[in-house]
Amino acid sequence: FSMAKTFKYIILGGGVSAGYAAREFAKQGLKPGELAIISKEGVAPYERPALSKAYLFPESPARLPGFHVCVGSGGERLLPEWYNEKGIELILSTEIVKADLAAKSLTSAGGETFSYQTLIIATGSTVIRLTDFGVQGADAKNIFYLREVDDADKLYEAIKAKKNAKAVVVGGGYIGLELSAVLRLNNIDVTMVYPEPWCMPRLFTSGIAAFYEGYYANKGVKIIKGTVAVGFTANSDGEVKEVKLKDGRVLEADIVVVGVGGRPQTSLFKGQVEEEKGGIKTDSFFKTNISDVYAVGDVATFPLKLYGELRRVEHVDHSRKSAEQAVKAIKAAEDGNTVEEYDYLPYFYSRSFDLSWQFYGDNVGDTVLFGDNNPESSKPKFGSYWIKDGKVVGAFLEGGTPEENKDIAKVARVQPPAQDVDQLAKEGLSFASKI
Ligand code: FAD
């Protein structure tokens, strides 16, 4: 029998949302000992996007404490000492294996129990593994996935150990694109494999993708589209040696990196809380249908007011903002007050090589490509608008200045009318700067 450790607030998960929630709690006023963050990871919350970018650079790679939250949004970096000063308990390297929302208690793999008055679920996503589908040989050594800092360390070591190696990147999403770039920077021979007709098909139009595929090809990245990895062979040490493709081709590989998507980590709460669209259903304050239980970041399916629809968003900007909104709502409720509804404008970005794009809004409807999307250009700058029901609802821009990125954000928020598509293509960015 052991006594439960009791906290007023527990944040379950120690990722991006957890860090931003902690900062908001500190801003709103917190007594020492009121808040605990419980995390499977061994480190304080950090800016996860760094893992597929600067963390793997060949020269002066980013390392903690350099990218703890909230440095990614321009705020003060929350070092472990910061939590200490605020009396926030960081309970690290602790995986919760059982959650009982009715009893308000959590149990760790080590058998400790924690109870709370208010719980914020911030468990994020987990990667989909090829072993989940029983892909033959997918448990070989040197087949990597990337979600947490431990994963990034293993990949980094393999990159260092296998100088001038051959790598196969499975998946053409943003993880696949960012990792292919950083592997190339490490002078590794890279082949990307994905089944779709172009990369990042969930966001990119064929016109946008053509630029990135051309640019990557110029950097020496080989791209094989329209097929998938169906098996792996290993050497006598159990290390991956070959990737077998569905179309019969066989690729040599010393390193394989798989980025085929993620899924929200909601399994602890199955049957205990209402779910929707694969996530935990919340209101505009990130409150679930269970009192005193909130869900933020990748796991939350929330009302996206701008589109009048419930959505789940797996991007860092939303993980920060949803965490802040939940904490503001919790604190206001304690004083009998309310806060304004969450009114989110979707914002995604990615960076690789010398490239950097931003996207705001909704990628639905007809599309218009504008600007210089020649991959050979010295300073390519191009974008796309999405037009639905005669209004511009989404905007993408590669190579924009901070000012120009603000302009496209404004377009996506304001949704100005656009009748003449050809005219819009001609005007390009100047259309956005007029809004
Ligand atoms: P996470 O940051 O994933 O944190 C979840 C935490 O919960 C983890 O620490 C996990 O260990 C912990 N946890 C889960 N279950 C348990 C348990 N049972 N017990 C204890 N702890 C638990 N988004 C962008 O917009 N732009 C980008 O460029 C970008 N790059 C990315 C690059 C990589 C490599 C990855 C993996 C993601 C990237 N993202 C990017 C997405 C972004 O990082 C996520 O949307 C964001 O981290 C979500 O925050 P979160 O707090 O919901 O979850």
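First listed ligand is number 1; within each ligand, the first listed atom is number 1. Since the structure is predicted, the reported quantities are computational estimates derived from the model, not experimental observations.
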#### Entry: Residues lining ligand 1 [heavy-atom distance under 4.0 Å, listed by chain and residue number]
Leu12, Gly13, Gly14, Gly15, Val16, Ser17, Ile38, Ser39, Lys40, Glu41, Arg48, Pro49, Ser52, Lys53, Thr94, Glu95, Ile96, Ala122, Thr123, Gly124, Leu146, Arg147, Glu148, Tyr174, Ile175, Glu178, Gln265, Leu268, Gly297, Asp298, Glu314, His315, Val316, Ser319, Tyr349

#### Entry: Distance-only donor-acceptor check, side chains Glu178 and Ser52, under 3.5 Å
yes

### Query
Which of parallel (below 30°), tilted (30 to 60°) and perpendicular (above 60°) describes Phe353 and Tyr215?
tilted

Could you tell me whether [X] sits above the aromatic face of [Y], with NZ or CZ closer than 6.0 angstrom to the six-membered ring centre and within 45 degrees of the axis?
X	Y	value
Arg63	Tyr156	yes
Arg129	Tyr145	yes
Lys321	Tyr344	no

### Task
Apply the salt bridge (charged side-chain N to carboxylate O under 4.0 Å, His left out) test between Asp298 and each candidate in Arg147, Arg263, Arg48; give the one that qualifies.
Arg147

